[in-house]
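These numbers come from a predicted model, not from an experiment.
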Amino acid sequence: MSYTLAQVVIHASVANDWFNAVQEWEIYDCIEDNLCESSCICGKEHIKYLYTIRNRQNGNALHPIGSTCIKKFGRIDLNDEISVIEGLFYLLHAIRNHEFIELNAKYFSRKLITYLYNEGVFDNDYNNYDGVADYEFFLKMFNKRDKDTISYKQRSKIRAIIVNSIRPYLEEQLANKIKQ
């Protein structure tokens, strides 16, 4: 951990030591800077993901902070959140680039699928806004070791969920968070 990072985080925290100070923070927002023109609060230049973190105890915010520095907090919950957020951006770019999106580890993770479920992405008009079955189906298909056993009908349903549920969600949530 850099001295500058520790200094900035501790100064903006209630706690006076690193171990306790890092427990006070949560990720508030993230913007993707494809030109990598920004610098982290630690001084590192050319960061792509510009996170804003907010202190739960005093309301202070730090921005921009890169994912590398947030990972130095040593918190599994924040690392998982970073993984999901950056996965969402990656998936949106793949969709926009008209890539063939497969239900595999290149585009998805169990945490990402669960995040989408918790955000209500699988809830649609056609399933009476009860996306449990679609979530369970999506997770079951993701967990299949032999993807060749996925039938044409199942592949069609996967594609429909990506196009009709996931894509609109990503566009709505992330379109204004990409800095070109």
Looking at residues at least two apart in the chain, or sitting in another chain, which of them share a side-chain hydrogen bond (donor to acceptor under 3.5 Å, both in side chains) with [X]?
{"X": "D17", "value": "N20"}
{"X": "K140", "value": "none"}
{"X": "N79", "value": "none"}

Which pairs would a plain distance check flag for residues 39-50, meaning a side-chain donor or acceptor within less than 3.5 Å of a matching protein atom at least two apart in sequence or in another chain?
residue, atom, partner, partner atom, Å
H46, ND1, C36, O, 3.2
Y49, OH, E32, OE2, 3.3

Calculate, to the nearest 0.5 Å, the distance between atoms [atom1] and [atom2] belonging to [X] and [Y] respectively.
{"X": "I31", "Y": "T52", "atom1": "CD1", "atom2": "OG1", "result": "6.0 Å"}
{"X": "I158", "Y": "F108", "atom1": "CD1", "atom2": "CZ", "result": "9.0 Å"}
{"X": "Y115", "Y": "L112", "atom1": "OH", "atom2": "CG", "result": "9.0 Å"}
{"X": "I162", "Y": "I101", "atom1": "CD1", "atom2": "CD1", "result": "6.5 Å"}
{"X": "M141", "Y": "N104", "atom1": "CE", "atom2": "CG", "result": "14.0 Å"}

Exercise for the section: Given salt bridge (Lys or Arg N to Asp or Glu O under 4.0 Å), test D29 with R54 step by step and report yes or no. Expected result: CA-CA 9 Å; D29 197 13; R54 181 168 287 159; over 6 Å; no
Fill in the blank from the handout: Applying side-chain contact (heavy atoms from CB on, under 4.5 Å) to E24 and not counting sequence neighbours gives S13, V14, A15, N55, Q57
Atom pairs and distances, side-chain donor-acceptor, residues 81-91, under 3.5 Å, sequence neighbours left out:
residue, atom, partner, partner atom, Å
E86, OE2, Y51, OH, 2.9
E86, OE2, S67, OG, 3.3

Practice task
Only pairs at least two apart or in different chains count here, so list each salt bridge (Lys or Arg N to Asp or Glu O under 4.0 Å) that has a residue in residues 103-125.
Solution key: D80-K111
If I compare all heavy atoms of [X] with all of [Y], which pair ends up nearest, and what's the gap?
{"X": "N60", "Y": "A12", "result": "ND2-O, 2.9 Å"}
{"X": "N176", "Y": "Q173", "result": "OD1-O, 3.9 Å"}
{"X": "F100", "Y": "Y107", "result": "O-OH, 3.8 Å"}
{"X": "F122", "Y": "I113", "result": "CE1-O, 3.7 Å"}
{"X": "K177", "Y": "C30", "result": "CD-O, 3.5 Å"}

Is the shortest heavy-atom distance from the side chain of [X] to the side chain of [Y] under 4.5 Å?
{"X": "K144", "Y": "T149", "value": "yes"}
{"X": "I53", "Y": "F73", "value": "yes"}
{"X": "N164", "Y": "N124", "value": "no"}
{"X": "K179", "Y": "L35", "value": "no"}

Practice task
Look at atom CZ of R167 and say whether more than 12 heavy atoms of other residues, nucleotides or ligands are closer to it than 6.0 Å.
Solution key: no
Problem - Atom CD1 of I76: over 12 foreign heavy atoms under 6.0 Å - result: no
Looking at residues at least two apart in the chain, or sitting in another chain, which of them share a salt bridge (Lys or Arg N to Asp or Glu O under 4.0 Å) with [X]?
{"X": "K147", "value": "none"}
{"X": "R155", "value": "none"}
{"X": "E37", "value": "none"}
{"X": "R159", "value": "none"}

Less than 3.5 Å apart, which donor and acceptor atoms pair up between the side chains of residues 130-137 and the rest of the protein, not counting sequence neighbours?
residue, atom, partner, partner atom, Å
D134, OD1, K157, NZ, 3.3
D134, OD2, Y126, OH, 2.3
D134, OD2, N127, ND2, 3.0
Y135, OH, T114, OG1, 3.1

Handout entry: Hydrophobic cluster membership, I95 vs Y169, 4.5 Å side-chain cutoff
Key = yes
Handout entry: same_hphob_cluster(Y28, V8) at 4.5 Å side-chain heavy-atom cutoff
Key = no
Exercise for the section: Take F138 and Y117 through the test ring-ring contact (aromatic ring centres under 6.0 Å, His included) and record every step on the way to the result. Expected result: CA-CA 10 Å; F138 214 71; Y117 170 71; over 10 Å; no
Practice task
Kindly indicate, with the supporting measurements, whether the criterion side chain to side chain contact (heavy atoms under 4.5 Å, CB included) is fulfilled by K72 and L5.
Solution key: CA-CA 9 Å; K72 290 177 182 172; L5 174 65; 4.0 Å; yes
